Amino acid sequence: EEDIAITNMALDLIGQARGLLTLAGEMNQRAGGERFDEDQLAFLRDERDYLNPTLVELPKGDFAFTVLRNTVVATWLRAMWERLADSSDAELAAIAGKAVKEARYHQQHAADWVVRLGDGTAESASRMATAVKDLWRYVPELFEDDAVDTAAAAAKLGPAASELRAGFDADMAALFAVAKLPPPKLGQYRSTGKRGVHSEHMGRILTEMQYLQRAFPGGVW
């Protein structure tokens, strides 16, 4: 049952990505550039052209790692979609209006598992504590601003990443309290995926994901 639930949530995320990639291609054309379609942006960019948080490219780990990462990402996305629902771009606001409902479900579903494992057996609590330790070093990157954030906030297109930090921290602190997990500590390490400098795992992901399109350019089903 959980395999099916996670698969369905992944399909929701693919749907959100398709909407955003299509819009990004249209916005590039509005700015006087080439119009890209979603397949070009997904399958034909090089590794350094992806500006995603490192957290989402890490290997899956065990079930505790999976549900904690899902919780972190869904909590972050829910906050982002809630703000993007008021975007100055009507199409982006429409995408966000649908996506925020999905993100709320994803967050609730994954957080329920964090509580079950954290407040479960000694083994499950230990695995969840290990997942927190392994994942939390990548969390600060989610809230680091750059020039794109500054421009988006100025144009009222969307929020700066740092604006989401307080709400995220409050949500996760409340969850960890219920799950009886100690508050995580932040170290000095900073991941850099949002700047296009990725972990060693990103290249492997893209090799698998992009193989067919690069081997057979323009191929369709």
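Keep in mind the model is a prediction, meaning the values are calculated, not measured.
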Over all atoms of both residues, closest heavy-atom pair of [X] and [Y]:
X: Val67; Y: Val114; value: O-CG2, 4.1 Å
X: Arg45; Y: Asp49; value: NH1-O, 3.3 Å
X: Pro53; Y: Trp76; value: CG-CH2, 3.9 Å

- [ ] Establish, yes or no, whether the cationic atom of Arg127 lies under 6.0 Å from the six-membered ring centre of Phe63 and within 45° of the ring axis.
- [x]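 No cation-pi geometry.
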Hey, does [Y] have a side-chain heavy atom less than 4.5 Å from the side chain of [X]?
X: Phe65; Y: Pro59; value: no
X: Thr7; Y: Ile4; value: no
X: Leu135; Y: Leu55; value: yes
X: Met128; Y: Leu68; value: yes

Item checked: Exam field: side chain Gln213 to backbone Gly218, donor-acceptor pair closer than 3.5 Å ->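 Such a contact is found between Gln213 side chain and Gly218 backbone.
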Quick check against the 3.5 Å criterion: does Ser87 have a side-chain atom that pairs as donor or acceptor with the backbone of Ala93?
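Pair absent, no side-chain N/O of Ser87 close to backbone of Ala93.
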- Task: Pick out which of Glu57, Glu141, Arg137 makes a side chain to side chain donor-acceptor pair (under 3.5 Å) with Ser191.
- Result: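 With Ser191 as partner, Glu57, Glu141, Arg137 yield a single side chain to side chain donor-acceptor pair (under 3.5 Å), made by Glu141.
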query = When rounded to the nearest 0.5 angstrom, what distance separates CG in Asp145 from CD in Glu163?
reply =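 If we round to the nearest 0.5 Å, Asp145:CG and Glu163:CD are 7.5 Å apart.
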Say you draw a straight line from CG of Leu13 to CG of Asn8; how long is it, rounded to the nearest 0.5 Å?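 Leu13 atom CG to Asn8 atom CG measures 11.0 Å (nearest 0.5 Å).
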Worksheet entry | Among Val72, Thr75, Leu77, the one residue meeting side-chain contact (heavy atoms from CB on, under 4.5 Å) with Leu142 |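 Among the candidates, only Val72 passes.
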Margin query: Checking side-chain contact (heavy atoms from CB on, under 4.5 Å) between Leu21 and each of Glu26, Gln40, Glu38, which is the one that passes?
Written below: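 Going through Glu26, Gln40, Glu38 one by one, the side-chain contact (heavy atoms from CB on, under 4.5 Å) with Leu21 is satisfied by Glu38 alone.
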Test log, rule salt bridge (charged side-chain N to carboxylate O under 4.0 Å, His left out), inputs Glu208 and Arg204: CA-CA 6 Å; Glu208 182 174 352; Arg204 297 167 190 161; over 6 Å; no
message: As a quick check of understanding, evaluate side chain to side chain contact (heavy atoms under 4.5 Å, CB included) for Leu23 and Asp89, giving each step before the final call.
response: CA-CA 10 Å; Leu23 178 58; Asp89 186 285; 4.2 Å; yes
